[in-house]
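The next block holds one structure in the form of structure tokens; read it before the comments.
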Number of protein chains: 2
Amino acid sequence: MATISDVAARAGVSTATVSRALNGKSTVDPELAARVQAAATELGYHPNSLARNLRRQETAVLALIIADVENPFFTAIARGFEDIAQTAGYSVVLCNTDENEEKERRYINVALQERVAGVVLSPSGPSTDVKSLRERGTPIVAVDRPLPDGTGDQVLVDSRRAAHTAAKHLLDNGYRRIACVTGPPGIRTADERLAGYQDALREAGLSNDLFRRAEYRAGGARQPALELLDDPRPPDALIAANSMIALDVLQALAERKLRPGRDIGVVTFDDPTWAKLIDPPLTVMAQPAYDIGAIAARMLLDRIADTSLAPASRMLEASLVQRASSRRT
Amino acid sequence: MATISDVAARAGVSTATVSRALNGKSTVDPELAARVQAAATELGYHPNSLARNLRRQETAVLALIIADVENPFFTAIARGFEDIAQTAGYSVVLCNTDENEEKERRYINVALQERVAGVVLSPSGPSTDVKSLRERGTPIVAVDRPLPDGTGDQVLVDSRRAAHTAAKHLLDNGYRRIACVTGPPGIRTADERLAGYQDALREAGLSNDLFRRAEYRAGGARQPALELLDDPRPPDALIAANSMIALDVLQALAERKLRPGRDIGVVTFDDPTWAKLIDPPLTVMAQPAYDIGAIAARMLLDRIADTSLAPASRMLEASLVQRASSRRT
DNA sequence: TTGTATGCGTTATCAA
DNA sequence: TTGATAACGCATACAA
């Protein structure tokens, strides 16, 4: 592997000049710069970022620590984030915590050790600890969920209001016994979606305690959904707090031979590609996932550029996409 | 940020001893080791991997360069890969090329500059260039598709045979005019799936030229699928070369008011979660995606441990999962 | 068993 | 404008 001194030797200049030439400093003779360029390409020289970063005390790497790569909501965030980061010359390290605090802790540590320039994460829960990152001054942006202490830069969606909208929509369509499968306690979006659902039913004077908690990951919501369906006073509609839960809910519905829309109203958070393909197509509360990623990226870049900025907080809205699964027929 | 010399000073020993103690070398007095540990935790010391890696000339990072984070096939690979890499103490950098050769080139460069310990990639096409990695001796494992020169470690699926199986299945179920939407020319899996389809139809003495090429990404296959459906002699069955194409095919079917199974047989490669949820459930050629990732990880670790190993090549099989979309009714 | 001293490849400082 | 040199933080060869 060619080093800077190999290039220097070949070009007949000092390493300092090579460094300057390759980094496009203006203070270098054009002819020398050309010679350096030639030597570099001839040798197939690639600067060693390890050494460069050690010297510069910074890296051009951003860490994106998300809860679940198999959840389309998060991969959409990743795309938005990546698109912006790319154009700013940063590369993105995608880390998957699996909604697991141990894995999250490990990745935060990796981010710290690798001295990444910034971190975006969707905190896995109330015990998420970013103290180490903060002490080092690594910029952090929370997405989807706030950090436990609620401070710092963040890009969130008004989940409570969105859940309220979803429940209200079902009420408007004539459903009266509405159930909800939400995520684990302590995860902000799970708690807020539950709260919004409860708000709406309370306002309508209906009972709002027909809900279950489930993992936010695939597989965990089937059993809770079945329990709801088997209630002595079974629901006539169901809200799923994300698309992974929705998969299980639909599975449970199939097992009980219940057809969405006709037999039971269904609304889910998130708008996965398959939502419009199933029969009947699924009514959803679509979150602006791509935008969350893109906004978080810009926020992070701003923060990197100026640490003294006041903490920024963006609250986005989810939008109701009406399809047939919530249409009483 | 505390450094090794801070710890050394606090523990009253030399930096060498700190290094040895923290890296668990046996040649260090237990009492001193304890003092070092104490000092390290008191100072909140985190070793600087930049410096460590520069010194060691290696990193504990593996790069996984995949074609599309939004394709469940690739995220499943990522999970398999990550699970194995984790247990071996490596962290995984996930890079998304978007089936784009420019992005791929950039990420290969990043991997090179960051001196990652190894790379797994799904080559974007015939112009994929890993020369730079090879020159440096960075271990590489190709997944899903071989490298252009076909050499080196690889984990593939027998696509041609799988496509043959899929077409044969449709023939066995009585379909006679079978069409195929495959990926771009030059992408091995796309070409092989087409070839396998053609093999089967030729063997049956049927015409095998009712096919179209499309992007492997969402959105690109709708138009080609519509063209097939509007053929003067329209197909009575359709094979999609991956699940992203399948999404578009189903969309096209809906536009032409064709119901899978009843009006037209459908089989797709890959088994996304939504396949069993749609109505009718989709017959698929399931690829062992998680295993591909896990096997590639082990192969890469073996290669890192011993560069002189003979190149390994694993060929896995896809399996037919019969559901209702290919059942003539 | 411990400490001293050196070098990994780069960039920044300072003189020339 | 260029070059010599120090320093980034760590791990190791070698000496003690």
Side-chain angles (χ1 to χ4, degrees), chain A residues 1-37 39-40 43-61 109-110 112-117 136-138, chain B residues 1-37 39-40 43-61 109-110 112-117 132 135-138:
Chain A
M1 203 73 190
T3 75
I4 200 172
S5 23
D6 298 330
V7 178
R10 179 155 193 134
V13 298
S14 75
T15 61
T17 301
V18 174
S19 175
R20 282 188 287 250
L22 262 31
N23 287 301
K25 297 271 194 268
S26 51
T27 67
V28 56
D29 188 280
E31 194 215 336
L32 276 195
R35 241 161 62 201
V36 168
Q37 276 297 352
L43 265 44
Y45 169 72
H46 291 272
N48 183 330
S49 338
L50 262 36
R52 162 178 294 169
N53 297 337
L54 175 59
R55 176 61 229 228
R56 285 191 181 159
Q57 298 285 59
E58 68 179 25
T59 62
V61 174
N109 238 314
V110 169
L112 199 65
Q113 293 192 192
E114 300 285 339
R115 274 26 178 205
V116 299
R136 186 180 180 263
T138 304
Chain B
M1 204 75 190
T3 74
I4 200 172
S5 22
D6 297 329
V7 178
R10 178 155 193 133
V13 297
S14 75
T15 61
T17 301
V18 174
S19 174
R20 282 188 286 252
L22 262 32
N23 288 300
K25 297 273 195 262
S26 52
T27 67
V28 56
D29 188 280
E31 194 214 334
L32 277 196
R35 242 162 62 202
V36 169
Q37 277 296 354
L43 264 45
Y45 170 73
H46 291 272
N48 183 329
S49 347
L50 262 36
R52 163 180 290 170
N53 297 338
L54 176 58
R55 172 63 226 231
R56 285 191 181 159
Q57 297 286 57
E58 67 179 28
T59 61
V61 174
N109 239 313
V110 169
L112 201 63
Q113 292 191 193
E114 300 286 338
R115 273 27 176 207
V116 298
S132 52
E135 278 167 2
R136 190 188 174 258
T138 304

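As the structure is a prediction and not an experimental result, all values here were calculated from the model. Below, read A as the first sequence line, B as the second, and so on, with proteins coming before strands; counting in each chain starts at 1.
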Problem set entry | Whether Thr59(B) side chain and Asn53(B) backbone form a donor-acceptor pair below 3.5 Å | no
Hits for side-chain hydrogen bond (donor to acceptor under 3.5 Å, both in side chains) against Ser132(B), two or more places apart or cross-chain, chain-then-number order -> none
By salt bridge (Lys or Arg N to Asp or Glu O under 4.0 Å), Arg52(A) pairs with (sequence neighbours left out) none
If only atom types and distance count, is the side chain of Thr15(B) paired as donor or acceptor with the main-chain N or O of Ile4(B) below 3.5 Å?
-> no
For residues Leu112(A) and Arg136(A), determine if any side-chain heavy atom of one lies less than 4.5 Å from a side-chain heavy atom of the other.
yes
Applying side-chain hydrogen bond (donor to acceptor under 3.5 Å, both in side chains) to Arg10(B) and not counting sequence neighbours gives Glu42(B)
Contacts of Asp29(A) meeting side-chain hydrogen bond (donor to acceptor under 3.5 Å, both in side chains) (sequence neighbours excluded), chain-then-number -> none
Atom CD1 of Ile4(A) and atom C1' of dG7(C) are separated, to the nearest Å, by 16 Å
What does the list of N/O pairs under 3.5 Å between the protein and nucleotides 2-5 of chain C look like, with a distance for each?
{"from": "dT2(C)", "atom 1": "OP2", "to": "Asp29(B)", "atom 2": "N", "distance (Å)": "2.6"}
{"from": "dG3(C)", "atom 1": "OP2", "to": "Ser14(B)", "atom 2": "N", "distance (Å)": "3.1"}
{"from": "dG3(C)", "atom 1": "OP2", "to": "Ser14(B)", "atom 2": "OG", "distance (Å)": "3.2"}
{"from": "dG3(C)", "atom 1": "OP2", "to": "Thr17(B)", "atom 2": "OG1", "distance (Å)": "2.4"}
{"from": "dG3(C)", "atom 1": "N7", "to": "Arg20(B)", "atom 2": "NH2", "distance (Å)": "2.6"}
{"from": "dG3(C)", "atom 1": "O6", "to": "Arg20(B)", "atom 2": "NH1", "distance (Å)": "3.1"}

note: Leu43(A), atom CG; dG9(C), atom C1'; distance rounded to Å ~ 15 Å
Note: contacts of residues 52-60 of chain A with DNA chain C (heavy atom, under 4.0 Å) are Arg52(A), Arg55(A), Arg56(A)
Would you classify Ser19(B) as touching base, sugar-phosphate or nothing, given that sugar-phosphate means primed atoms plus P, OP1 and OP2, and contacts are heavy atoms under 4.0 Å?
base
In whole angstroms, the gap separating P of dC10(D) from CG of Asn23(B) amounts to 10 Å
Atom CD of Glu114(A) and atom P of dG9(D) are separated, to the nearest Å, by 16 Å
